[in-house]
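All remarks here apply to the structure that follows.
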Amino acid sequence: MKKFLSPARSVIAAALIAGLAIPAQAQFRDALNTGEQATRRAEQVQDQINQLDDQRSDMVREYRTLLQRRDAAELFAKQQELVVQSQREEIASLTEQLGSIDDITAQTVPMLLGMIEDLKLFVAADLPFKMEERTMRLEALDGVMASPNVTASEQYRLIMEAYQAEMEYGRTIDTWQEEITIDGNPTTVDMFLYGRVSLVYLTPAGKAARYDRATGEWVALPGSYVQDVQRAISVAQGKAQQVVLFAPVQKFSVQ
């Protein structure tokens, strides 16, 4: 025989079930809200991780590019140092014999003249910085070689000083003011030399350009480079602390 609850007991049971269901629903909603908040927080954290990863990738690429530029510049400098060192050793060996062997003296003069011509070719093919100063140095060497009052040893010394001066340009940064023609108008600009890596100028109007070795022309730089050029000029002038300088450069072709 089935047993049925009395009406009074049914009411009490329903009330108990309803009383238990309400807190359970509230807890379930709280759990859902907590889960949604945790999901949104996780998405935000993932976005931050993605941004940091992108920034890291950009920094790695930039660092590798700087390493390549540095290696190319060092390779160029080492090559020039080997040339100068080889010539210095050769001239030093010949100089020891200049006082006693006339035929070596006869060979030395053409060699010294050849060194001057090589230096002229190098300057002509180099970045066009401080051309007046460098041209005067070369003309002075021509005068030394044409003077009968200058000994071969003194000629050698002066030629080596000229080579050393050219080498120093590639090891330092420098800035100076120079008047050039821009769009047909003479303009005084601030020149900046990144060793032999790059030559740039900055106009009073805040426009920058770099010298293109391949075309022999000045190429305008994007505005993003202006601040870097201004900082570099301040460092070279001693107005700012030394920092890592970013130079607009061309790709080196090393064979």
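Computed from heavy atoms alone, side chains included, the values below leave out hydrogens, waters and symmetry copies. These numbers come from a predicted model, not from an experiment.
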Give me the atom names and distance for the closest heavy-atom approach of Val226 to Gly206.
CG2-O, 3.4 Å

Flag side-chain contact, heavy atom, 4.5 Å: Tyr225 against Pro222
yes

Value rounded to 0.5 Å, distance of CD in Gln46 from CZ in Arg41:
15.0 Å

Run the side chain to side chain contact (heavy atoms under 4.5 Å, CB included) test on Arg213 and Asp126 for me, step by step, so that the C-alpha distance in whole Å, both residues' side-chain angles and the decisive distance to 0.1 Å come before the verdict.
CA-CA 8 Å; Arg213 293 176 184 265; Asp126 198 13; 3.9 Å; yes

Between atom CG of Asp47 and atom CD of Gln51, what is the distance when rounded to the nearest 0.5 Å?
6.5 Å

For Gln227, does the CD atom sit with more than 12 other heavy atoms under 6.0 Å from it, leaving out its own atoms?
no

Between CG on residue Leu141 and CE on residue Met136, distance to nearest 0.5 Å
12.0 Å

Please answer: with hydrophobic residues joined when any side-chain heavy atoms are less than 4.5 Å apart, are Tyr163 and Val109 in the same cluster?
yes

Less than 4.5 Å apart, any side-chain heavy atom of Arg69 and any of Val197?
no

Taking all atoms of both residues into account, what is the closest heavy-atom pair of Ala220 and Ala209, and its distance?
CA-CB, 3.9 Å

Can you tell me how far the CG atom of Asp118 sits from the CE atom of Met115, to the nearest 0.5 Å?
8.0 Å

Grab the two heavy atoms, one from Ser147 and one from Gln155, that are nearest each other, plus how far apart they are.
O-NE2, 4.3 Å

Any side-chain heavy-atom pair from Met59 and Arg56 closer than 4.5 angstrom?
no

Tested for salt bridge (Lys or Arg N to Asp or Glu O under 4.0 Å) against Glu166, the lone hit among Arg196, Lys120, Arg171 is Arg196

When Leu202, Thr203, Val200 are each screened for side-chain contact (heavy atoms from CB on, under 4.5 Å) with Val189, the one that passes is Thr203

Rounded to the nearest 0.5 Å, what separates atom CG in Asn185 from atom CD1 in Ile180?
11.5 Å

Which pairs, with at least one residue in residues 173-194 and sequence neighbours excluded, count as a salt bridge (charged side-chain N to carboxylate O under 4.0 Å, His left out)?
Lys130-Asp174

Between Phe129 and Arg134, is there a cation-pi geometry (under 6.0 Å to ring centre, at most 45° from the normal)?
yes

Report yes or no: does Thr181 contribute a side-chain atom to a donor-acceptor pair with the main-chain N or O of Gly184 at less than 3.5 Å?
no

Validation row: Arg40, Gln37 side chains within 4.5 angstrom (heavy atoms):
yes

Looking at OG1 of Thr175 and OH of Tyr194, how far apart are the two atoms once the value is rounded to the nearest 0.5 Å?
10.0 Å

When you group the ILVMFWY residues by side-chain heavy-atom contacts below 4.5 Å and let the links chain together, are Leu113 and Val150 in the same group?
yes

Applying side chain to side chain contact (heavy atoms under 4.5 Å, CB included), run through Val123 and Leu138 and close with a yes or a no.
CA-CA 9 Å; Val123 171; Leu138 293 172; 4.2 Å; yes

Membership question, hydrophobic clusters at under 4.5 Å side-chain separation (ILVMFWY): are Met111 and Leu119 in the same one?
yes

Can you find a pair of side-chain heavy atoms, one from Gln164 and one from Met160, that are under 4.5 Å apart?
no

For Glu132, does the CD atom sit with more than 12 other heavy atoms under 6.0 Å from it, leaving out its own atoms?
no

Does a side-chain heavy-atom distance below 4.5 Å link Lys207 with Leu221?
no

Ile116 side chain near Leu112 side chain, heavy-atom distance below 4.5 Å:
no

Please step through side chain to side chain contact (heavy atoms under 4.5 Å, CB included) for the pair Glu81 and Met167, ending with a clear verdict.
CA-CA 8 Å; Glu81 289 175 353; Met167 290 297 297; 3.2 Å; yes

Using the rule given for side chain to side chain donor-acceptor pair (under 3.5 Å), can you reason through Arg88 versus Gln85, listing the C-alpha separation, both sets of side-chain angles and the distance that settles it, and then say yes or no?
CA-CA 5 Å; Arg88 184 184 293 114; Gln85 181 63 27; 2.7 Å; yes

In this structure, is the centre-to-centre distance between the rings of Phe192 and Tyr201 below 6.0 Å?
no

Flag the pair Leu75 / Gln79 as yes when at least one side-chain heavy-atom distance between them is below 4.5 Å, and no otherwise.
no

Shortest non-hydrogen contact from Arg210 toward Ser198
CB-OG, 4.4 Å

Stepwise side chain to side chain contact (heavy atoms under 4.5 Å, CB included) test for Asp58 and Gln55:
CA-CA 5 Å; Asp58 292 340; Gln55 293 174 0; 5.6 Å; no

Would you say Gln44 and Gln48 are linked by a side-chain donor-acceptor pair, where the criterion is simply a distance under 3.5 Å?
no

Taking all atoms of both residues into account, what is the closest heavy-atom pair of Leu127 and Met131, and its distance?
O-SD, 4.4 Å

